[in-house]
Amino acid sequence: MRRRTLLICLCLAGAIALAAGAQEKAPATEAGFFFNLFPMFEYTNRAVVSTGSNISDQAFGAYYETPTFGSGGFYLKKGPITAIGIMEFQQDIWSKLYKHSFINLPDSETGWTPDLIGLGTFYPNVGYVDYDADGIRLSLGRRKISDGPGTYGLGISAGNPFYDHVAASLAIPIGSGKLAYDYAAIGMQRWFTSTNPKYYFFHRASWTGKRFTIGINEYTLIADTTPDFQDWGPFLFYHNLFNSNQNVMAGFDFAWTPADAFALYGQFILDDFMLSTEVGSNPTAIGMTLGADLQLMKGSPAQGAKFYDSDYTYRVGARPAAEGGLTLRAEGYLMSRYLYRRQDGKPNEAFTAQYEVMSNWSEGYVDARPFLATPLSPDTALARLALTWDDQPVKATFAFEYRLVGSESGTKTYNYSTVDYANWLWPSSPTTQLGFALDGKYRLGGSSMATAGVGLLLEDGGAEVTLNAGFAHQFAAGKGPSLK
């Protein structure tokens with residue numbers, strides 16, 4: 001009897017231990033519905049945009065720099081799987097650029113009455129499912145994407161509002177480091193004014209050691225045709241396909257961390273290279289960046305609810321950022337005269353995205369074709385210096401940018417008869433832009449944030465001033481998305 005009792009006790013103890021172990025190994029779960037309220041007041045003397053269906057890349061970027069007045073949706077997280085869908089109460093684009101509304105309300109053309117039934121105000125910028133565990137990363141849906149170790153990606157940048165995509169990454173330890181492979185396929189928006197399809201694919205193979213990372217990249221843009229399995233194949237070299245309706249770039253990136261608080265990094269891309277024996281071919285087109293990070297003081301990075309679309313950015317080849325504190329970053333960019341562009345007659349083969357933004361104004365929709373690397377553009381040189389303090393509950397950044405903007409920086413195409421093959425590298429007949437920006441955020445607990453910013457742009461003897469202040473709060477039934 002005693003042996004039987006002892007055996008029963010041992011079995012019960014084992015069952016309890018197994019149950020406890022299973023409970024400890026159960027993946028963490030978070031879920032809920034949430035709504036972010038983010039009123040922002042702004043003053044600017046920026047020139048108003050002329051009404052019409054086409055606007056500049058700069059005006060399009062200025063519209064999406066302002067957070068939405070309200071956004072809400074669902075958030076699910078179980079272990080390595082995250083799913084999120086957000087509906088945006090977006091300010092009407094003409095209210096922002098033409099009327100210069102002092103607040104980001106989704107107001108109507110004739111007054112301050114909110115117009116919430118318009119298609120444009122509900123258009124989502126973020127919605128995806130993501131898996132990230134054991135060296136495997138998968139993403140499917142809509143979010144910002146950026147590549148490279150710098151603030152701005154040369155192949156694709158988070159300066160544009162979103163990309164519909166499928167992306168995957170696999171990293172495996174090898175020797176003293178790891179070997180990784182990244183792949184992404186992006187589909188551009190279709191619209192009744194631009195029914196022709198357009199896709200962007202890129203892949204990257206990289207090796208990361210204790211102090212050094214190097215990556216090799218290839219990008220291909222497919223336009224005015226439906227891609228086949230040659231285009232979709234993640235392990236094919238695009239330059240060997242020689243398909244029509246295609247534009248291809250190659251490149252590499254690196255990051256070197258000689259000390260924990262200091263890093264050097266860079267990125268290079270090559271669109272075309274013209275041999276001296278060629279005549280009437282595509283002109284040489286390259287882009288490059290070189291930068292350095294220095295952590296001057298350590299700190300604890302700000303935490304709390306996510307309020308910006310950029311908080312959900314999918315990054316490829318990004319260098320791990322310093323964990324809070326005081327950081328100094330210096331960068332230089334050079335985009336040659338004919339980079340990202342395509343010859344006349346094939347404008348859709350330029351390295352541009354395409355967006356159609358609905359409007360409730362009588363001007364109707366807005367047709368935008370920003371470069372995929374926005375805010376970078378061809379025929380431009382840029383020096384950037386940024387100082388960031390990130391220590392809970394405060395994050396503040398001061399940034400200075402010196403730009404030489406060439407006369408063809410906003411042009412998407414070129415004509416063989418007017419190409420200057422001898423002067424392809426530096427900006428042509430440039431104008432100088434000096435940009436200063438100070439942005440601050442203060443976390444008021446885990447669900448609220450106050451923000452303020454000052455911007456100054458000096459160009460051609462004129463001064464463009466922007467002042468803004470806002471307050472954000474996240475309401476949640478359950479758990480909403482947050483910075484960790």
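Residue indices begin at 1 and follow the sequence shown.
- Considering all non-hydrogen atoms of both residues, Glu408 and Pro378 come closest at O-CG, 4.4 Å.
- We find that Arg369 and Asp57 are not joined by a salt bridge, their nearest charged nitrogen and carboxylate oxygen being 4.0 Å or further apart.
- The aromatic rings of Phe268 and Phe252 sit tilted relative to each other, their planes meeting at an angle between 30° and 60°.
- Annotation for Leu456: atom CG counts as buried by contact number, over 12 foreign heavy atoms lying within 6.0 Å.
- No side-chain donor-acceptor contact under 3.5 Å links Ser169 to the backbone of Gly135.
- Note that CG of Leu339 and CG of Asp272 are 9.5 Å apart. Values are rounded to the nearest 0.5 Å.
- Both tests pass for Arg143 against the ring of Tyr128: distance under 6.0 Å to the centre and angle within 45° of the axis.
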Check the pair Thr151, Glu331 against side-chain hydrogen bond (donor to acceptor under 3.5 Å, both in side chains), reporting the backbone distance first and the verdict last.
CA-CA 8 Å; Thr151 301; Glu331 296 176 320; 3.0 Å; yes
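- For the residue pair Asp147 and Tyr219, a side-chain donor N or O sits within less than 3.5 Å of a side-chain acceptor on the partner.
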Between Glu459 and Gln433, does a side-chain hydrogen bond (donor to acceptor under 3.5 Å, both in side chains) hold up when you go through it step by step?
CA-CA 5 Å; Glu459 181 180 12; Gln433 293 181 352; 3.2 Å; yes
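- The shortest side-chain heavy-atom distance between Trp424 and Ile286 falls under the 4.5 Å cut-off.
- Interatomic distance, CG of Leu76 versus OG1 of Thr82, reported as 9.0 Å (0.5 Å rounding).
- Ring orientation note: the planes of Phe254 and Phe212 are close to parallel, at an angle under 30° on the 30°/60° scale.
- With no hydrogens or angles considered, a side-chain donor-acceptor pair links Gln246 and Thr220 at under 3.5 Å.
- Checked for salt-bridge contact, Glu218 and Arg204 miss the test: no charged N lies under 4.0 Å from a carboxylate O.
- Judged purely by distance below 3.5 Å, without hydrogens or angles, the side chains of Asn423 and Arg337 never pair a donor atom with an acceptor atom.
- The side-chain heavy atoms of Trp389 and Lys395, taken from C-beta on, include no pair separated by under 4.5 Å.
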Is there a side-chain hydrogen bond (donor to acceptor under 3.5 Å, both in side chains) between Thr208 and Thr213? Walk through the geometry before answering.
CA-CA 4 Å; Thr208 300; Thr213 296; 3.3 Å; yes
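- Listed here is the closest heavy atom pair of Thr257 and Ala263: OG1-CB, 4.0 Å.
- Looking at heavy atoms from C-beta onward, Ser206 lies out of side-chain contact with Tyr181 at the 4.5 angstrom threshold.
- Listed for the Asp391 side chain is no donor-acceptor partner under 3.5 Å among the backbone atoms of Gly325.
- Between Pro481 and Gln474 there is a side-chain heavy-atom pair separated by less than 4.5 Å.
- Looking at Asn282 and Tyr416, their side chains do bring a donor and an acceptor atom within 3.5 Å of each other.
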For Asp182 and Arg137, what are the C-alpha separation, side-chain angles and deciding distance, and is it a salt bridge (Lys or Arg N to Asp or Glu O under 4.0 Å)?
CA-CA 9 Å; Asp182 292 275; Arg137 180 89 187 268; over 6 Å; no
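- With no hydrogens or angles considered, no side-chain donor-acceptor pair links Lys144 and Ser310 at under 3.5 Å.
- Closest approach of Pro197 and Asn348 over heavy atoms only: O-ND2, 4.2 Å.
- Taking the ring centroids of Tyr333 and Tyr152, they lie under the 6.0 Å cut-off.
- Scanning both residues, Tyr402 and Leu434, for their nearest heavy atoms gives CD1-CD2, 3.1 Å.
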Quick one: do Phe436 and Phe400 satisfy ring pair (Phe, Tyr, Trp, His ring centres under 6.0 Å)? Show the steps, please.
CA-CA 5 Å; Phe436 304 84; Phe400 166 71; 5.1 Å; yes
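- No side-chain donor from either of Glu464 and Thr44 sits under 3.5 Å from a side-chain acceptor of the other.
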Would Lys178 and Trp207 satisfy side chain to side chain contact (heavy atoms under 4.5 Å, CB included), going step by step from the backbone distance to the final call?
CA-CA 6 Å; Lys178 67 178 180 179; Trp207 182 84; over 6 Å; no
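- Side-chain N/O atoms of Thr413 and Asp344 include a donor and acceptor closer than 3.5 Å.
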Please assess Tyr265 against Trp256 for the test ring pair (Phe, Tyr, Trp, His ring centres under 6.0 Å), listing each intermediate value before the final yes or no.
CA-CA 6 Å; Tyr265 55 87; Trp256 178 44; over 10 Å; no
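- The side-chain tip of Lys412 does not point at the ring of Tyr340 from less than 6.0 angstrom away and within 45° of straight on.
- No side-chain heavy atom of Leu376 sits less than 4.5 Å from a side-chain heavy atom of Phe371.
- Minimum interatomic distance between Asp379 and Trp426 (heavy atoms only, all atoms of both residues): OD1-O, 3.8 Å.
- Relative ring orientation between Phe38 and Phe307 is described as perpendicular, the plane-to-plane angle rising above 60° on a 0-90° scale split at 30° and 60°.
- For the residue pair Asn125/Asp309, the side-chain donor-acceptor check at 3.5 Å is satisfied.
- In the displayed structure, Lys77 atom NZ is contacted under 6.0 Å by more than 12 heavy atoms of other residues, nucleotides or ligands.
- To the nearest 0.5 Å, atom CG of residue Leu154 and atom CG of residue Leu372 are 12.0 Å apart.
- Val394 is not listed as a side-chain neighbour of Lys441, based on a closest heavy-atom distance of 4.5 Å or more.
- A perpendicular orientation is assigned to the rings of Phe162 and Tyr355, their planes being inclined by more than 60° (bins at 30° and 60°).
- Side-chain N/O atoms of Asn217 and Asp253 include a donor and acceptor closer than 3.5 Å.
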Passes side-chain hydrogen bond (donor to acceptor under 3.5 Å, both in side chains), Thr397 versus Asp439? Steps please.
CA-CA 5 Å; Thr397 298; Asp439 176 74; 5.6 Å; no
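- Defined by atom type and a distance below 3.5 Å, a donor-acceptor pair is missing between the side-chain atoms of Gln392 and Gln303.
- For the residue pair Ser157/Thr374, the side-chain donor-acceptor check at 3.5 Å is not satisfied.
- Using modelled atom types, one finds no donor on one side chain facing an acceptor on the other under 3.5 Å when comparing Glu349 with Asn247.
- Side-chain contact, Asn415 with Ser417: a donor N or O sits under 3.5 Å from an acceptor N or O.
- Here the closest heavy-atom approach between residue Asp420 and residue Tyr338 is recorded as N-OH, 2.9 Å.
- Contact check for Leu326 versus Gln295: no side-chain heavy atoms found under the 4.5 Å cut-off.
- A distance of 10.5 Å separates CG of Asp164 from OH of Tyr199, quoted to the nearest 0.5 Å.
- A donor-acceptor pair under 3.5 Å links the side-chain atoms of Arg443 to the main chain of Ala305, judged by distance alone.
- A heavy-atom distance below 4.5 Å is not found between the side chains of Phe89 and Thr68.
- Under the 30°/60° scheme for interplanar angles, the aromatic rings of Phe202 and Tyr200 are found to be tilted.
- Distance alone, capped at 3.5 Å, is enough to place a donor-acceptor pair between the Asn36 side chain and the Lys306 backbone.
- The distance from the CD atom of Glu65 to the CG atom of Asn468 is 9.5 Å, given to the nearest 0.5 Å.
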